Undergrad: 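This structure is in structure tokens; I'll ask about it shortly.
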Number of protein chains: 2
Amino acid sequence: MIVIDPNSGVPVYRQLVEQVRFLIASGRLAGGDELPSTRTLSEQLGLNPMTVSKAYGLLEQDGVVQRRPGLPIIVAATTREAADGARLEQLRGLLGPAVTGTRQLGISTTRAVAEFRQLLADQTAEEEHDR
Amino acid sequence: MIVIDPNSGVPVYRQLVEQVRFLIASGRLAGGDELPSTRTLSEQLGLNPMTVSKAYGLLEQDGVVQRRPGLPIIVAATTREAADGARLEQLRGLLGPAVTGTRQLGISTTRAVAEFRQLLADQTAEEEHDR
DNA sequence: AAAGGTGTATTTGTCAAGTAATACACCGTA
DNA sequence: TACGGTGTATTACTTGACAAATACACCTTT
């Protein structure tokens with residue numbers, strides 16, 4: 001379910017964060033579901049439990065996950081409306097550089113939008129391919 | 001013309017590469033123009049000449065710049081098509097984070113694209129307003 | 001040839017990121 | 001309370017990236 005590439009240059013704990021985030025966003029993990037225990041997952045991937053714990057910690061900071069002392073970590077229950085606003089805000093933040101860049105590079109809105117759509121499509125295709 | 005933030009987390013030499021590349025892509029530096037000398041620029045920014053040289057080296061590997069022993073470095077001559085390609089490449093780089101973010105946040109392609117278009121429109125409006 | 005400019009190969013030092021080891025605290029259930 | 005499960009605070013180690021120091025080679029002009 002989770003796959004790590006230790007030679008990708010991307011730190012392991014970051015890969016974990018990304019993948020869990022994606023599992024949640026795509027609905028494969030729902031609110032209330034337990035994440036794999038740090039020991040289970042670390043053993044399965046040949047890592048140290050602390051590495052997994054670090055990743056889980058970051059996920060908690062983002063509020064996508066909930067920690068309870070002594071108990072498994074669960075996916076945070078997400079009230080749709082509240083979360084939607086925050087997510088759009090995050091997306092706007094990520095789009096900021098692209099927006100100013102588009103202008104400074106003298107690229108037309110149509111062209112830029114087309115490019116964005118294309119990139120999104122490409123990535124979706126990759127994900128399909130993984131299954 | 002070039003601004004460095006030593007506390008941004010992004011290594012200085014990388015900031016240099018990005019900014020020069022952008023200056024070229026946006027046409028503020030044209031083919032044949034000389035880059036600021038390593039000593040001049042490094043002094044101006046409070047860096048070591050080698051740091052600047054490292055950045056220039058990467059730019060040469062990408063073919064956007066030309067080195068000649070003992071002489072200033074110049075911007076490589078480029079065809080219109082190549083320049084267009086480079087600009088799109090820049091844009092793709094800026095869009096990268098937004099693309100992965102869209103997926104991890106579970107936002108639909110349509111929604112993300114709409115948001116992007118909106119932001120672009122907003123900015124255009126601001127520019128009008130500035131005049 | 002000398003001077004003052006260009007860039008850089010090589011070496012060195014520093015420092016933070018990433019990961020792992022260790023040991024501990026909490027929880028639920030028998 | 002004892003056990004086997006959960007997560008983690010703290011510490012330590014390793015490694016690579018980054019940046020600077022040093023010294024050198026090349027070019028043009030005088």
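Please read all numbers here as calculations on a predicted model, not as lab measurements. Proteins get letters first, then strands, A, B, ... in listed order; numbering begins at 1 in each.
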Undergrad: By nearest nucleotide on DNA chain D, pick out whichever of Pro69(A) and Met50(A) is the more 5' one.
TA: Pro69(A)

Undergrad: Rounded to whole Å, please give me the gap between CZ in Arg68(B) and P in dG7(C).
TA: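 After rounding, the reported distance stands at 10 Å.
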
Undergrad: Whole-Å distance between dG7(D) C1' and Glu34(A) CD?
TA: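 These atoms are roughly 13 Å apart.
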
Undergrad: Mind calculating the distance between CD1 (Ile73(B)) and P (dG5(C)) to the nearest angstrom?
TA: 18 Å

Undergrad: Does a sphere of radius 6.0 Å around CZ in Arg67(A) hold more than 12 heavy atoms from other residues, nucleotides or ligands, not counting ones at 6.0 Å or beyond?
TA: yes

Undergrad: Can you tell whether the side chains of Arg21(A) and Glu18(A) come within less than 4.0 Å, N to carboxylate O?
TA: no

Undergrad: We want to know whether Ser26(A) and Arg103(B) form a side-chain donor-acceptor pair, criterion being a heavy-atom distance below 3.5 angstrom.
TA: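 Looking only at side-chain atoms, Arg103(B) and Ser26(A) do not form any donor-acceptor pair under 3.5 Å.
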
Undergrad: Reading DNA chain D from 5' onward, which residue's closest nucleotide shows up sooner: Ser53(A) or Asn48(B)?
TA: Ser53(A)

Undergrad: With sugar-phosphate meaning primed atoms plus P, OP1 and OP2, does Val12(B) contact a base, only sugar-phosphate, or nothing at under 4.0 Å between heavy atoms?
TA: sugar-phosphate

Undergrad: Would you call Glu43(A) and Arg39(A) a salt bridge, taking side-chain N to carboxylate O under 4.0 Å as the test?
TA: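 Answer for the salt bridge query: no.
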
Undergrad: What is the distance, to the nearest angstrom, from the CZ atom on Arg39(B) to the C1' atom on dA3(C)?
TA: 14 Å

Undergrad: Take Tyr13(A) and Gly70(A), find for each the nucleotide of DNA chain C with the closest heavy atom, and name the residue whose nucleotide sits nearer the 5' end.
TA: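 Residue closer to the 5' terminus by nearest nucleotide: Tyr13(A).
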
Undergrad: If the cut-off is 4.0 Å, is Ser37(B) near the phosphate of dT6(C), judged by side-chain N/O to OP1 or OP2?
TA: yes

Undergrad: Please give, in whole Å, the distance from dA19(D) P to Leu45(B) CG?
TA: 12 Å

Undergrad: In whole Å, what is the span from the CG atom of Leu71(B) to the P atom of dG7(C)?
TA: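 To the nearest whole Å, that distance equals 9 Å.
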
Undergrad: Return the value, rounded to whole Å, for the distance between atom CZ of Arg67(A) and atom C1' of dT8(D).
TA: 8 Å

Undergrad: Does CZ in Arg117(B) sit with more than 12 non-hydrogen atoms of other residues, nucleotides or ligands closer than 6.0 Å?
TA: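 12 or below, so no.
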
Undergrad: Which comes earlier along DNA chain C counting from the 5' end, the contact point of Thr51(A) or that of Glu60(B), where each point is its nearest nucleotide?
TA: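 With Thr51(A) and Glu60(B) compared, the 5'-side residue is Glu60(B).
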
Undergrad: Taking any heavy-atom pair under 4.0 Å as a contact, classify Lys54(A): base, sugar-phosphate, or nothing.
TA: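 Result for Lys54(A) = base.
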
Undergrad: dT19(C) P sits how many Å from Glu43(A) CD, rounded?
TA: 19 Å

